Engineer: 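Could you have a look at this structure, given as structure tokens, before my questions?
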Number of protein chains: 2
Amino acid sequence: MSASVTSSSIAANGDGALHAAVRELLIAAGVTYTSNRHAIVEVLLSAGPLTLPEILHERKDLAQSSAYRNLSVLVETGVVRRIVHDHDHARFELDEQLTGHHHHHLVCSQCGLVVDVDLPMALEQELDRALERVATRSGFTLDGHDLDIRGKCTRCCAPVRS
Amino acid sequence: MSASVTSSSIAANGDGALHAAVRELLIAAGVTYTSNRHAIVEVLLSAGPLTLPEILHERKDLAQSSAYRNLSVLVETGVVRRIVHDHDHARFELDEQLTGHHHHHLVCSQCGLVVDVDLPMALEQELDRALERVATRSGFTLDGHDLDIRGKCTRCCAPVRS
DNA sequence: CGCAGAATGAGAATCATTCTCAGTAGAGTA
DNA sequence: TACTCTACTGAGAATGATTCTCATTCTGCG
């Protein structure tokens with residue numbers, strides 16, 4: 001647990017602290033914080049959940065294979081979370097332990113757009129209690145939850161016929 | 001809307017009513033309820049969310065390509081829902097409008113097992129209200145929500161080390 | 001019966017993702 | 001500084017779930 005990190009300490013500080021926390025996680029896992037990995041974290045920091053093509057678009061110097069490989073390293077070390085919906089590409093975002101921001105996703109079922117949203121804290125707590133109960137009853141050990149709100153985004157609802 | 005179906009009417013009856021409702025949905029979409037499609041619905045009726053290999057295992061007479069094609073027809077007509085998590089195969093289950101049973105999923109992050117679970121109705125209602133508010137605020141039209149509870153199942157938690 | 005459109009199934013094609021491998025860079029060390 | 005060891009890189013090949021193609025078979029209907 002030497003690399004454990006409190007979300008509050010990071011949320012309270014700037015990007016420098018976040019990168020330091022990322023470095024800690026990677027070092028603890030026995031890998032280095034290379035410039036490619038730094039670049040990926042930087043891109044994810046600046047936007048919502050991104051697909052691989054979107055990440056490559058932001059950083060044209062990244063090789064596709066390296067981006068995929070580094071993303072899986074970052075996922076394994078808990079720096080990045082891979083989220084997958086019913087669209088062709090998976091999306092990647094910084095893990096909540098780093099951003100210190102628990103949130104959910106609005107997902108456009110038409111274009112695949114994903115937007116971060118928050119739920120009232122009281123509801124979130126109530127949810128946590130209920131899920132803990134439900135998981136235990138089924139013999140599961142609880143790790144967390146993902147709440148995806150399905151719908152259509154403004155752009156896809158817009159009157160675009162003909 | 002001639003093919004609209006109230007979930008209560010189906011939930012109250014046996015499988016016959018369900019198949020009739022499926023037929024209605026398909027006819028309304030201009031396709032027929034063939035024996036292959038019937039077989040798929042039958043398999044999904046008898047178990048939780050299944051992957052394609054699992055469906056083929058149950059019905060060895062189904063061709064892989066036909067199963068995929070028919071599943072996509074069933075998904076497009078609202079008979080079946082495709083659910084995708086971080087594992088290799090997507091899973092398929094009957095749509096809630098047919099089963100009349102709103103539920104969520106416990107997902108084992110190790111083996112990919114998916115189990116249906118219910119939440120207290122009061123919480124579900126509170127959730128609906130909150131999600132409606134959140135979606136509207138972001139300009140989304142709400143279609144529904146998916147709550148996935150991440151964890152490890154009994155089998156994967158078990159002391160299997162050496 | 002006979003036609004037309006839909007469905008079937010075997011295999012090929014697609015495409016996101018992962019793997020391979022030869023070359024490179026970086027940390028530690030003397 | 002030069003050396004070594006190891007991890008990292010990137011181009012391309014391989015993998016594998018899913019979709020497409022197409023020739024054949026079925027089905028409902030006049």
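Throughout, a chain's letter reflects where its sequence line sits, starting with A, and its residues are numbered from 1. Remember, predicted model here, so these are calculated numbers, not experimental data.
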Engineer: Grouping I, L, V, M, F, W and Y whenever their side-chain heavy atoms are under 4.5 Å apart, do Val75(A) and Leu62(A) come out in a common cluster?
Structural biologist: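 Yes, because Val75(A) and Leu62(A) connect within a single hydrophobic cluster, where side-chain heavy atoms sit under 4.5 Å apart.
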Engineer: Taking any heavy-atom pair under 4.0 Å as a contact, classify Ser65(B): base, sugar-phosphate, or nothing.
Structural biologist: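 Base: the residue Ser65(B), judged by heavy atoms under 4.0 Å, touches a nucleobase.
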Engineer: Write down the distance between OH (Tyr33(A)) and C1' (dG26(C)), rounded to a whole number of angstrom.
Structural biologist: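 Value for this atom pair: 17 Å.
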Engineer: Is Leu74(A) linked to Phe92(A) within one hydrophobic cluster, defined over Ile, Leu, Val, Met, Phe, Trp and Tyr using a side-chain heavy-atom separation of less than 4.5 Å?
Structural biologist: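 They do share one cluster, since a chain of ILVMFWY contacts under 4.5 Å joins Leu74(A) to Phe92(A).
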Engineer: Sequence neighbours left out, what pairs pass side-chain hydrogen bond (donor to acceptor under 3.5 Å, both in side chains) with at least one residue falling in residues 71-80 of chain A?
Structural biologist: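 Sorted result for residues 71-80 of chain A: empty, none.
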Engineer: I want to confirm an ordering. Mapping Ser72(A) and Thr34(B) to their closest nucleotides on DNA chain C, which one lands closer to the 5' end?
Structural biologist: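 It is Thr34(B), whose closest nucleotide lies nearer the 5' terminus.
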Engineer: Given atom CG of Leu74(B) and atom C1' of dA6(C), what is their separation to the nearest angstrom?
Structural biologist: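 Checked: the CG to C1' distance equals 15 Å.
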Engineer: Could you tell me the separation between the CD atom of Gln64(B) and the C1' atom of dA12(C), rounded to a whole number of Å?
Structural biologist: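 To the nearest whole Å, that distance equals 13 Å.
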Engineer: Tell me the interatomic distance from Asn70(A), atom CG, to dT18(C), atom C1', rounded to whole angstroms.
Structural biologist: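 Taking atom C1' of dT18(C) as the reference, CG of Asn70(A) is at 14 Å.
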Engineer: Rounded off to whole Å, could you give me the CG-to-C1' distance for the Leu56(B) and dA10(C) pair?
Structural biologist: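 Leu56(B) atom CG is separated from dA10(C) atom C1' by 14 Å.
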Engineer: Under the rule for side-chain contact (heavy atoms from CB on, under 4.5 Å), what residues qualify as partners of Val117(A), not counting sequence neighbours?
Structural biologist: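 Partners of Val117(A) by the side-chain contact (heavy atoms from CB on, under 4.5 Å) criterion, ordered by chain and then number, come out as His104(A), Leu106(A), Ile149(A), Val134(B), Ser138(B).
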Engineer: Which residue lies toward the 5' end of DNA chain C, Arg69(B) or Gly30(B), if each is placed at its nearest nucleotide?
Structural biologist: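 Going by which nucleotide is closer to the 5' end, it is Gly30(B).
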Engineer: Within a radius of less than 6.0 Å around NE2 of His57(B), do more than 12 heavy atoms belonging to other residues, nucleotides or ligands occur?
Structural biologist: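 Open.
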Engineer: Going 5' to 3' along DNA chain D, which are the first and last nucleotides with any atom under 4.0 Å from a heavy atom of chain B?
Structural biologist: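 Footprint of chain B along DNA chain D, 5' to 3': dA17(D) to dC20(D).
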Engineer: Is Arg91(A) reaching over with its side chain to a backbone N or O of Val114(A), donor-acceptor style, under 3.5 angstrom?
Structural biologist: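 No, the answer is negative, given that no donor and acceptor are paired below the 3.5 Å cut-off.
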